[in-house]
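All ligand and atom numbering here is 1-based and tracks the order in the structure.
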Amino acid sequence: MLPATKSQPKEMLPVARKPIVQYVVEELVSNNIEQILFVTGRSKASIENHFDHDPELFHALTQSNKQDLLKELEFDALKANFFYTRQRLQRGLGDAILCAENFAGEKPFLVALGDSILGLNAVSQAVSRMADVFESKRASCVIAVEEVPSEETLHYGIVEPEGDAEDVFRIVNLVEKPAPQDAPSNLAIAGRYIFSPVVFDMIRRVQPDKRGEIQLTDAIQFMCEEGRRVLAVKLTPEEKRYDIGNFPSYFESFVAFALADPLYGADFRRALEKLLDRTPAR
Ligand code: G1P
């Protein structure tokens, strides 16, 4: 997403009033996740700064009695502890997850991609449903999935369901970014996963792809091949995924969230309508 992301991470791009990563954190906290490790990189220090206390700003807002803003910036009040580590080389999502091995230890853990917001204002409770499924079905992996138009399969990891794809179903195979004619379904991996620690060994078995990246999808495929229980939980329509990985969907996400803004949404709608009247469609 250059040049927007030349000197800032895409996770820090604003969608309406907040950076994307803040929505992700709020979603996780509302799903009772209390320990959050950010796997960042060399150019992503602004993520740490965002969640840190800023004494000067705190002082200035206190002096001018901006209580509402102070409240919005009180990340300490969120019931979560933040930890940070860096992926030293850009070797793909699988490699990024290996950076969390010591943090996760022997326990199951959730992976949330920092460029995906689930639902308008991150209202999704999918992670809680996934955790229930993980426990009750004794799964090795649970993945959030959503339907995408067939022509878009080449942007996502696509899963192959066993039988009919109900709200919860077993996955028998996965393919990373297949062409529409090769896609086993139109159910895309939606950026939230729960894993048992066995995934780390699977990731270590993955060979880097043409771009030198270790694909997480390949590691999950190994789990399927070994007969481990890999399950999918479908997102509901209200949990629609806002993808900030490319400009068209970033623009759309920004406008959707701005229109829903309690303070500025109504005015923005009027401005947008005027703009649309004035701008002939191309
Ligand atoms: C990653 C995953 C892909 C998933 C997507 C969702 O791809 O590899 O399976 O569908 O996230 O956002 P990326 O967007 O990093 O290329």
Side-chain angles (χ1 to χ4, degrees), residues 1-2 4-5 9-13 15 20-21 23-24 27-28 38-41 43-44 47 87 89-100 110-119 122 124 126-127 130 141-161 165 169 171-180 182-195 199 202-203 206-224 230-235 239-250 252-253:
M1 291 179 73
L2 288 167
T5 52
K10 68 177 168 186
E11 296 83 356
M12 284 300 292
L13 293 178
V15 169
I20 296 150
V21 66
Y23 291 104
V24 177
E27 174 208 323
L28 300 189
F38 294 78
V39 181
T40 68
S43 58
K44 303 201 180 205
I47 297 178
Q87 184 184 22
L89 298 168
Q90 293 211 345
R91 296 187 62 222
L93 181 55
D95 180 69
I97 289 167
L98 278 184
C99 299
L110 168 83
V111 171
L113 303 190
D115 63 359
S116 302
I117 303 172
L118 298 193
S124 169
V127 163
M130 291 164 67
C141 170
V142 177
I143 304 174
V145 298
E146 74 171 353
E147 284 178 26
V148 295
S150 302
E151 64 276 12
E152 289 181 17
T153 56
L154 73 176
H155 300 302
Y156 305 104
I158 301 291
V159 306
E160 178 177 348
F169 61 89
I171 297 172
V172 290
N173 191 22
L174 310 88
V175 192
E176 184 65 14
K177 307 199 172 83
D182 302 327
S185 73
N186 65 341
L187 293 160
I189 300 173
R192 302 288 181 273
Y193 316 72
I194 296 180
F195 290 113
V199 71
M202 304 289 157
I203 296 173
V206 174
Q207 293 299 315
D209 66 10
K210 283 176 282 180
R211 296 167 57 207
E213 298 202 345
I214 309 280
Q215 292 296 345
L216 179 61
T217 303
D218 293 347
I220 307 171
Q221 198 189 7
F222 287 148
M223 287 185 176
C224 293
V230 178
L231 303 175
V233 167
K234 266 198 208 165
L235 298 180
E239 292 169 343
K240 171 188 153 52
R241 174 170 167 273
Y242 293 91
D243 178 358
I244 323 295
N246 59 70
F247 279 122
S249 65
Y250 173 55
E252 195 185 321
S253 306

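- The shortest N or O to N or O distance between Ile189 and ligand 1 is below 3.5 Å.
- Not a single protein heavy atom sits closer than 4.0 Å to atom 15 (O) of ligand 1.
- Close approach of ligand 1 to Thr217 is summarised as follows: ligand atoms under 4.0 Å from at least one heavy atom of the residue are 9 (O).
- At a threshold of 4.5 Å between non-hydrogen side-chain atoms, the residues Tyr156 and Val148 count as touching.
- With contacts defined as side-chain heavy-atom distances shorter than 4.5 Å, the pair Lys44/Met12 does not qualify.
- The environment of Glu151 atom CD is dense: over 12 non-hydrogen atoms of other residues, nucleotides or ligands sit within 6.0 angstrom.
- Using a 4.0 Å cut-off to heavy atoms of Lys177, the atoms of ligand 1 that qualify are 7 (O), 13 (P), 16 (O).
- With contacts defined as side-chain heavy-atom distances shorter than 4.5 Å, the pair Glu213/Val206 does not qualify.
- Counting heavy-atom neighbours within 6.0 Å of Glu152 CD, excluding the residue itself, gives a total above 12.
- Heavy-atom contacts of Tyr156 reach the following atoms of ligand 1: 10 (O) (cutoff under 4.0 Å).
- Scanning the protein for heavy atoms near atom 12 (O) of ligand 1, the closest one is Arg241 NH2, 2.5 Å.
- Nearest protein neighbour of atom 1 (C) of ligand 1, counting heavy atoms only, is Leu113 CD1, 4.0 Å.
- Asp95 has its side chain out of reach of Ile203: every pair of non-hydrogen atoms, C-beta onward, lies at least 4.5 Å apart.
- Close contacts of ligand 1 with Glu176, meaning ligand atoms under 4.0 Å from a residue heavy atom, involve 2 (C), 3 (C), 7 (O), 8 (O), 9 (O).
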